[in-house]
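The block underneath contains the structure these notes are about, expressed in structure tokens.
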Amino acid sequence: ARAGLQAAVLRVEIARARIRYDVLAAYAHAASACQIVSLSAQQAAHGAELLRITRARRDVGDASDLDVDLAEVSAAQLISALLSDSLRAVTATLELQGAMGLPVDSVLISPVDTVPVSVALPPNSALAVAAGEAEQRAAERRLTEQLRSRLPVPALRLGVEKGDPAGESSGLLPMIGVSLPLPIFHRNGGAVGAARAAADRAAAELAQARRDAALAVAVAERERAVTQARLAADRTALASAQRVATRSLAAYREGAFSLSAVLDAQRSAWEAARQVLEDIAAFRSAEAAVALARFVGVRP
């Protein structure tokens, strides 16, 4: 019973650790979605400004009606993207509130932390392995209990009966009974077999838990490394895309660049910035996954 209680306590701690991971991942996703909304709002403002510039150039004869139409289409698309991103941000925030146990009928929090800081790793506790070991001990002790129950327990019964069932006496009749079972044919074989099967299953589950724990740590660490490298590469691409977008807009104002090239440069810069924000959320989730895998499955 003590071993079973210890296993149950460890399973509760594992469940709590997984809830903490779910909240961390949901927060990273919601924070990224909110930052993407801010980015979309800036792009929508830039699209409106580009439309104004294009109309002004058309009025002085430096741009055509086709350029204005292109600018209007781009501005409308940016507004549509802003509305879609706003909906995703609200949905992600409500999901975060649900993971935190808060009401989900309205937005109550505003996630703002998007810096990919390192997650504080708790001590490596190997909770899953420890829970499996406790369950194995409990199964082995249940098997021992059944093995010791092959010999039935003797019994002594003392009591009195009131009245004779045949009606010949109405007084109190003393009763003494002694039971000495002899296990000639019955040796508790069924219970012993079930207990032995449970012990074998607990041992197999413990071995599987050890393999799963090692695999989870290896996968989480590899995913974190890949996500970190992808984030660094995307930040480099973002810096280049932003320079191209700024220079192309300046060249367009001077009449040295076409509007379609400006729109392509701005779209590339917006997509690069969006990818960086998504990679930040993925990196934070990967950090939390490594912390969870080490906390649950790795010994100190």
Which ILVMFWY residues can you reach from L215 by hopping between side chains whose heavy atoms are under 4.5 Å apart?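 When side chains under 4.5 Å apart are linked, the cluster holding L215 also contains V219.
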
Is it the case that the side chain of [X] and the backbone of [Y] share a donor-acceptor pair, with hydrogens and angles ignored and the cut-off at 3.5 Å?
X	Y	answer
T227	E223	yes
S32	L277	yes
S86	L82	yes

I want to check something: taking the side chain as every heavy atom from C-beta on, are L206 and E133 in contact at a cut-off of under 4.5 Å?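 They are in side-chain contact.
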
side-chain contact (heavy atoms from CB on, under 4.5 Å) for Y27 and R284? Distances and angles first, verdict last. CA-CA 9 Å; Y27 186 90; R284 289 174 63 89; 4.3 Å; yes

One pair to check against side-chain contact (heavy atoms from CB on, under 4.5 Å): I14 and R11. What are the steps and the verdict? CA-CA 5 Å; I14 293 174; R11 295 295 181 190; 4.0 Å; yes

Classify the side-chain pair T246/R243 by whether it contains a donor and acceptor separated by less than 3.5 Å.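 Judged by distance alone, the side chains do not pair up.
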
For L156, I'd like to know if atom CG has over 12 heavy atoms of other residues, nucleotides or ligands within 6.0 Å.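 Enclosed.
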
Ion pair [X]/[Y], N-O distance below 4.0 Å:
X	Y	answer
R137	E140	no
R235	D279	no
R57	D67	no

Determine all donor-acceptor pairs shorter than 3.5 Å in which one atom belongs to a side chain in residues 96-105; sequence neighbours excluded.
from	atom 1	to	atom 2	distance (Å)
Q97	OE1	L108	N	2.5
Q97	OE1	I109	N	3.3
Q97	NE2	P103	O	2.7
Q97	NE2	S106	O	2.9

Set out, in order, the CA-CA distance, both residues' side-chain angles and the distance that settles side-chain contact (heavy atoms from CB on, under 4.5 Å) for Q266 and L50, then state yes or no. CA-CA 10 Å; Q266 290 189 343; L50 183 60; 3.9 Å; yes

